[in-house]
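Notes follow once the structure below has been shown.
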Amino acid sequence: MITTQGQIQDIQKRYNEALERAKARILVCAGTGCVASGSPVVYEGLMAELKKRGLHTTIDCLLEDEHATSGVTVVNSGCHGFCEKGPLVRIEPEGILYTKVQVGDVGEIVDAIVEGTLVERLLYHDPRTNEVFPHEHEIPFYRYQTRVALHNCGEIDPEDIRAYMAHDGYQGVAKALSMTPQQVIEQILNANLRGRGGGGFPAGRKWTIAASQQADQKYIICNGDEGDPGAFMDRSIMEGDPHSVLEGMMIAGYAIGASKGYIYVRAEYPLAVRRLEKAIVDAQEAGLLGSNVLGSDFSFHIQVKEGAGAFVCGEESALIASIEGQRGMPRPKPPFPAVAGLWGKPTIINNVETLANVSRIMIRGVEWFKSIGTPNSPGTKTFALTGEVENTGLIEVPMGCTIEEVVFKIGGGIRGGRKFKAVQIGGPSGGCLTEDQLDITLDFDSLQKVGAMIGSGGLVVMDEKTCVVEVARFFMNFIQNESCGKCTFCREGTLQMLKILQRIVDGNGTLEDLDLLVEVGEMVQIGSLCGLGKTAPNPVLSTLENFRDEYLAHIVEKRCPAGVCQGLKRFVISADKCKGCSRCAKVCPVGAISGEVRSPFVIDVEKCIKCGACVEACKFMAIEEVS
Amino acid sequence: MVITDQVVEKKELDLDFLTATIEEKGTKSAALIPILQAIQEKYRYLPEQAMVLVAQALGLSAATVYGVATFYAQFSLEPKGKYVIKVCDGTACHVRGSLPVYDAICKKVKLVNGKFTTADGLFTVETVSCLGACGLAPVVTINDKVYGQMTAEAITMIIDTLEEGGAQQ
Ligand SMILES: Cc1cc2nc3c(=O)[nH]c(=O)nc-3n(C[C@H](O)[C@H](O)[C@H](O)COP(=O)(O)O)c2cc1C
Ligand code: SF4
Ligand code: FES
């Protein structure tokens, strides 16, 4: 049982010394992305290879035997963020990163460790310059990042609590316990930590309200619902550094006087649930969680709650209803959860990343935190960088960094040298920014000004092959499915907007539809209760403003400039290539093709359902799709 | 082809399992969703009879339980197939072409008329919004195993192997 900060530091020291005694340490990424690309077999392969050569050791052996100075350890780590290049394997202490490692490569990797060389072909090659980067921190994808919340992700074995302690873990809560709750709140207030779940509300202000309530029970809820389609940073933190979430919750609990916490995790994240549950058990056994934390009279218990699949449950009051066993429908505020939340008791809901930052702030101090980012938005923000950039993955940058830096420096620009078109930020609540807006800085206030928002942090890069009208329809469809149905404007308004957008992408839109979209959109913004409805029109309104041309092309010219919209595709038979064999006419399910044998056939555009059967059937490649 | 466990589900409810689950999760209203999740996991859907029994045990109306069961996407009132194929249609996957993959699957397992489960009970095909593996878009999961960077051809091959496996049983 650990009862003092000194004991934690002692474990930290011994653990780090033991690590240094190993000849090398291999970290195999076990994040969801790398697991899908086959990292478990790579891990097994490395283990077997090391054992075969008598090189294998473990941290426990190194801890026990102070004279051991050889051996290689191999552990699973959380997500490194560069999922697309997985499975990723990192060799410490040098920090060498191998990408796309397959089980057949393990022999060479072990050879290289023994000989102190590199496996050149597995190193990251810049796709443009072909420059080779042996070390992770030199790769452009990593070089421009600042990791605070993701500090441990990919660095440690998330299932080993000692590894977390070796990285200063649980010293934040120890420090907090040496202060008064009021002092802890002041630290968070001074750090100006703003909620990373989307709203950007200062965490310290929320805590102050909850702390001032008189109640026999208060709760801390960690919001791990992460419903934004296209975001996975909270998942990576829960999977890659679960203890930092627990520590943040404990600090928040101590600050407001809560003794119970829940972590609400999305149904689609089974690995996160498993890792968190293991972390809870380990922390309890170590005396760091449960009754009398670190021998103090502060007690805190944490339970994981699995969501059941509803985006709206990310909204605070809906989330509370869901934990209580009801349908997850938002309710009007006030009263705010900080006053009357779960079971009517004062409740603080913070996002996963917010809580991970809480741990870091307590460990590293307020001044350090404020030295990163901008005065109004200190610290960093994680983003899921996806879409048509060369390097997709999970990144963390200081607030105030520009979109251009993210897309072109970290993301490496657009794939295949195509042209940048837009970046969609903030998921279904956010907006589309254009090339002219690339110099906008990423922080809460600048984005709000241009009708976008950080939201949970999905950053989807689109090139000329992405149709923004279709993307707007896609988000509206998502919202329509996820609306809880309570408010008429959200339920019916989004349905009407979806129908209009569908009409436009099908090629049946009219110019009046554009005005109607704006009119209904503004109604939905005003007439909806929760953030889901209030922000639902954003993607449509922002694309209408920035990409009106594309809407017009769909409506007036019946053309999709990106060549995406099925409804606007046309199939034509090239008279030159057509030999008049009549195969196409036979396969067409609706009899849209006619002609005389041995002379060119034609497709009746009105009848054609664009199934493409004729294209497949034609032996002479005479049928083309045009848009 | 007969999917044996599906026949068992239809026959009768495992009352011991139900009692044990309720005992484990408790009878407070907060236990409702965890209990339904356990039932869904075992049967791959929520049998009507089970929902009625849960309502009684928790002192809730059947309508309340039904309301919760239909609100959340995780619950299904119809038996799901042996293999549940989830095609991610989150933003990242969508822009990288998840719909062609979805269409290829439906074509491959011969799903028609807006149905989600094949007549032989082998496959259920659904879309989900973001599986949290966007770096590998487009992503498909089959019974929670993640397949990244999918194409219409690749998924067709994977289904082929599953069909062979399924037919052997
Ligand atoms: C429709 C909707 C969905 C939301 N989804 C999430 C989510 O998935 N994760 C999250 O942390 N916050 C989400 N939020 C924001 C939460 O309501 C809440 O503001 C947040 O969890 C507070 O934590 P923070 O202050 O630490 O950001 C959502 C809000 C709305 C309206
Ligand atoms: S705005 Fe939409 S999701 Fe939010 S409470 Fe109203 S109907 Fe439900
Ligand atoms: S959008 Fe498909 S995994 Fe995230």
Side-chain angles (χ1 to χ4, degrees), chain A residues 31-33 35-37 79 81-86 226-232 234-236 266-270 272 305-311 313 322-329 343 384-388 392-394 424 427-428 458 460-462 466 470-471 474-475 478 481-482 484, chain B residues 25-38 40-41 58 60 64-76 86 88-100 103 107 126-141 144-150:
Chain A
T32 302
V35 168
S37 348
C79 178
F82 211 3
C83 315
E84 196 182 348
K85 297 279 183 287
E226 196 160 55
D228 171 355
F232 56 104
D234 292 347
R235 163 186 215 151
S236 296
R266 251 186 110 198
E268 287 82 1
Y269 291 177
K305 279 272 177 188
E306 281 180 69
F311 172 62
C313 285
S322 180
I323 293 184
E324 289 174 351
Q326 305 162 24
R327 287 188 281 176
M329 286 178 148
W343 318 113
L385 180 61
T386 57
E388 299 300 332
T392 62
L394 182 71
Q424 209 284 343
V460 186
V461 180
M462 304 186 234
T466 324
E470 210 286 323
V471 167
F474 163 79
F475 281 122
F478 174 80
N481 279 331
E482 297 295 339
C484 81
Chain B
K25 314 270 180 201
T27 52
K28 289 204 186 118
S29 59
L32 176 59
I33 294 173
I35 293 172
L36 295 182
Q37 282 169 329
Q40 171 78 38
E41 188 171 329
L58 269 59
L60 300 167
T64 305
V65 175
Y66 182 80
V68 169
T70 49
F71 185 85
Y72 295 99
Q74 196 184 21
F75 302 126
S76 146
K86 293 185 184 167
C88 179
D89 195 26
T91 322
C93 292
H94 186 79
V95 300
R96 282 232 181 138
S98 54
L99 288 183
D103 291 340
K107 198 167 149 199
E126 31 191 65
T127 56
V128 288
S129 32
C130 195
L131 293 157
C134 321
L136 296 178
V139 177
V140 171
T141 65
D144 288 337
K145 185 167 168 17
V146 182
Y147 298 87
Q149 296 174 344
M150 273 296 116

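Chain A is the first sequence line, chain B the second, and so forth, proteins listed ahead of strands; every chain is numbered from 1.
- Contact between B:Ser129 and A:Glu482 at its shortest, heavy atoms only, is OG-OE2, 4.5 Å.
- Only the side chain of A:Arg235 comes within less than 4.5 Å of a heavy atom in chain B; its backbone stays farther off.
- In this structure, B:Phe71 and A:Ser322 have side chains that are not in contact, with every pair of non-hydrogen atoms separated by 4.5 Å or more.
- If you measure heavy-atom distances from A:Val35 to chain B, you find no contacts under 4.5 Å at all.
- Side-chain N or O atoms of B:Gln37 include one that pairs as donor or acceptor with a backbone N or O of A:Gly307 at under 3.5 Å.
- In this structure, chain B has no heavy atom under 4.5 Å from any part of A:Phe82.
- To the nearest 0.5 angstrom, B:Asp89 atom CG is 10.0 Å from A:Asn481 atom CG.
- By the side-chain contact (heavy atoms from CB on, under 4.5 Å) test, A:Ser37 pairs with A:Pro87, B:Leu136, sequence neighbours left out.
- Scanning for side-chain contact (heavy atoms from CB on, under 4.5 Å) contacts around A:Gln326 gives A:Ala321, A:Glu324, with sequence neighbours left out.
- Of the listed residues (A:Ala308, A:Ala36, A:Gly86), the greatest number of heavy-atom pairs within a distance under 4.5 Å of chain B belongs to A:Ala308.
- Looking at B:Gln149, only its side chain comes within 4.5 Å of chain A, counting heavy atoms on both sides.
- Per-residue counts of heavy-atom pairs under 4.5 Å with chain B were compared for A:Ala267, A:Pro270, A:Gly328, A:Cys484; the largest is that of A:Gly328.
- Using a 4.5 Å cut-off between heavy atoms, A:Lys85 does not touch chain B at all.
- The CZ atom of A:Phe478 sits 12.5 Å away from atom NE2 of B:His94, with the distance rounded to the nearest 0.5 Å.
- For A:Ser236, no part sits under 4.5 Å from any heavy atom of chain B, backbone or side chain.
- Nearest approach of A:Lys305 to B:Pro34, heavy atoms of both residues: NZ-CG, 4.1 Å.
- The two residues A:Phe474 and B:Gly90 come nearest to each other via the heavy atoms CZ-C, 3.5 Å.
- Considering only heavy atoms from C-beta on, B:Thr91 comes within 4.5 Å of A:Phe475 through its side chain.
- The greatest number of non-hydrogen atom pairs below 4.5 Å with chain A, out of B:Val95, B:Asp144, B:Leu36, B:Leu58, is found for B:Val95.
- Remark: A:Glu226 CD to B:Cys130 SG distance equals 7.0 Å, nearest 0.5 Å.
- Proximity to chain B (any heavy atom under 4.5 Å) is shown, for A:Cys79, by neither the backbone nor the side chain.
- Among the candidates A:Thr386, A:Thr32, A:Leu385, the single residue satisfying the side chain to side chain contact (heavy atoms under 4.5 Å, CB included) test with B:Cys134 is A:Thr386.
- Looking only at heavy-atom pairs under 4.5 Å with chain A, the residue among B:Leu32, B:Val68, B:Val128 that has the most is B:Val68.
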